[in-house]
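First the proteins, then the strands, lettered A, B, ... as listed; each starts at 1.
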Amino acid sequence: MRPNAEIADLLEEYADLLEAQGVEYKHRTYRRAAESIRDSPEDIAALAAEGPEAVQQIQDVGESISKKVVEAVETGVFEQLEEARAEMPVEMAALTGVEGVGPKTVGDLYHALDVRDLDDLENAAREGEIRDVSGFGEKTERNILEGIEFARQSQGRELLGDARPVGEAALDFFEAIPEAGRCELAGSLRRWKPTIGDIDVLVGSDDRQAVIDAFTDWEQADEVIEAGTDKAAVRSEGQRVDLRVVVPDEFGSALQYFTGSKQHNIRLRNYAIERDLKINEYGVFDVSQVEDPNSGQRVGQRVAGRTEDGMYDALELPFIEPEMREDRGEIDAAADGDLPDLIAEGEVRGDLHLHTEWSDGEYTIEQMAEAAVEFGHDYICVSDHATGPGMVGGVGLDDEELREQLAEIRDLESDLPVTVFAGVEANIAKDGSISVGDDLLADLDCVVASPHSGLEGDGTDRIVAAIEHPSVDIIGHPSGRMIHRRPGVELDIDVVARAAAENDTALEINSNPHRLDLWGSAVKQVVECGATIAIDTDAHSPPEYEYVRYGVHTARRGWAQADDVLNTRDAEGVRDFLH
DNA sequence: GCCGTTTTCGGCCCGACTGTTTTCAGTCG
C-alpha cells in the first residue's frame, strides 16, 4: 500500500473512533485530512521526514494532525489513536465494512453488548440480542446478518469483468421500459476501472415512480435493498446495482456528476468557478449576476444540463471521454485542444497472445483460428507456454515440442482461414533470462515473454533484461499481478517504457479481467515514452476473445490512440514490427 | 481540529433513504 493510504487509514480509524464515542465535529476534520493525504500526489513519508510544517502544506492538515502524521510515519501509529483503541477495542474497519453499520452503530453495540469484531456481531445478531438495544429493531438485526455474509464473501470491490455484464443487463432492461428515456451506466463502471464498488445506472424519465417500480420487479434482482422516489438499489448476482432516476432535463448533468471521478469533478468545478460558472448534478449555471452562488443548488442562469456534451461545451471544453476522467491532466489537455483521439473497440485486428491444447488451452490450433475469424480477427499468434520457471505440472512445452508445433503451424498455414504467427509464451526467470533456446526463439515469428514466478519485490531489471533480448517481441502481463490475489512485481514504468521504446519491444495490456496488466496510469506513461502497446486476451478458449474490449478500454484509460497499439495494424504491419 | 475571516472565534456538505425514537438519527453516496 502507498504510504499515503496507510496514514490515511490510520486517521480514518481515529475519526471513526471519535465518532463512535460521540465526539462532534472533530471526526470530520480527521476524515477530510485523511482524504487529502490519500489523494495528494506528494509522498507523505517524504514530507514527514522534513517535519510537521512540511506536512501542513496538505489541505486540511494543521498543527495537531501534522504532528500525528509525523509520529505515524516514524512509528506506524500515533499515541491518541492507541489511547482511543484502548478505550474502545473494536475492529473498526471490518465492522464498518458491513452495509448499514457505521461508527455510531459500532459504538452503540460495543457499549451495549461488548461487540468487538465480526464474529461478535454475527453472534449477537443470531442470538437476537441486537433487537433489544435501544434504537435497534428486528429489521436492523436481520439486515446486519445479511450484511455480514456479503461482506465476508465479496471483500468489497468486484472485478470489472464480473460487474460489466450485470450492468449491461440492467441497461438492456431499462431500455425496454416505455417510461424510461435515456439510460446510461455511470460511475467507475463507465470509466472501466479494473475494480468496481457498485454498479451505477442512470435513467432519465418523466415518470420516475414507474421506473423505480419496474426496477424493484426486475427478474434479475435477487433482493431489494432500498426503494424511494428518486433512487433505488437491488442486489443482482451478489452485486449492488444503484439506480438513480432524474428528469430528462437534468440527465446530462447527472450523468456527468455520477460518472466522476470525484477528483475530475472537483477540478472541473474549480475550472467552472474561475469562469463565473457553477457546475453540479443539476446543470451548469451562470452565476456572474448572483451575489451568493452557494445560496442554493440551482441559483443563477442555467446554461446546460440536458446533455453531457452540453455540460463540457458550456465550459468551452471539448467532450472528455469517461475513461480519461481521473484527474490526470485531461482538463488542461481539453482546454489546450490536445485531447488524444482514443483507440476504439473494433480497431484491434488480431490477437497475439493465446493458448491451444498444446499447453493449457482447451482447443486445437484450427479451432482457435476458426473462432478468430468468427470474432472478426485477421490474424492470431499461437503462443503456448514454454516450460520453465512458474510452469508446473508439465504444462509448458520444451524446445523439441515447440519445434514440432512450429512445423505443424507451417504445415497447416495455407489451409487456415487467418494468418497464424508461430510463437511462444516464454518465461522470464528471476535474473531476466528467457526459458527457450536462442536459436529457436530466432526461428519463431513472434515471441511473447512473461513473468510467471518469483513475483515479489522489484522486477524492473528483470523485465528490462527481457525487453533487451534480441528475439523478444512482446512482454506479456508485465507485472504478473492478479487482482485481489497478488500485487505482482513492482515496476519503474518509466524505465521499462524507455527500454521498450529503444528496443522496439511491445508491452502488453493483458485483457483478462483478473489481470488488466498493464493498467491505465502505466499505459499513459508507456505511450508518453513512445513505446508500443499490444492488446491481447491470453485466451485459453474461443469465448475469451471477447475479453479484448476490457483491454481496449484499459488502453483508453491510458490515453492510447490506435497508432500506439501494435495489433491495430494489418498482418503485414505486425510482421514488419516483429524481430 | 481546521479554516477563514466577520482576524481570534463560529461554523463545519447535503439530500435521500431506512428503521425506529411519533419527529429523528445513522448511513450512504
Any A:Thr229 side-chain nitrogen or oxygen under 4.0 Å from OP1 or OP2 of B:dA16: no
Hey, does the side chain of A:Thr140 come within less than 4.0 Å of B:dT20's phosphate (OP1/OP2), counting only N and O? yes
Which base, if any, makes a Watson-Crick or G-U wobble pair with B:dT8, both distances under 3.5 Å? none
Nearest-Å distance for atom pair NZ/C1', residues A:Lys278 and B:dC13: 11 Å
Which pairs, with at least one residue in residues 69-91 of chain A and sequence neighbours excluded, count as a salt bridge (Lys or Arg N to Asp or Glu O under 4.0 Å)? A:Glu13-A:Arg85
Which letter, B, S or -, goes with each nucleotide of nucleotides 24-29 of chain B from 5' to 3', with contact meaning a protein heavy atom under 4.0 Å? --SSSS
Taking atom C1' in both B:dC3 and B:dC13, compute the distance separating them and give it to the nearest angstrom. 15 Å
If we take the C1' atom in both B:dC14 and B:dT8, what is their distance in whole Å? 29 Å
For a quick check of understanding: with a heavy-atom distance under 4.0 Å over all strands, which category does A:Ala227 fall into, base, sugar-phosphate or nothing? sugar-phosphate
Give me the distance, rounded to whole Å, that separates B:dT23 from B:dG29 when you measure between the P atoms they each carry. 29 Å
Separation of atom NZ in A:Lys67 from atom P in B:dC2, rounded to whole Å: 10 Å
Identify the pairs formed between an N or O of the protein and an N or O of nucleotides 4-9 of chain B at a distance under 3.5 Å, and give each distance.
none

Quick check for you: to the nearest 0.5 Å, what is the distance between A:Gln239 atom CD and A:Gln220 atom CD? 11.0 Å
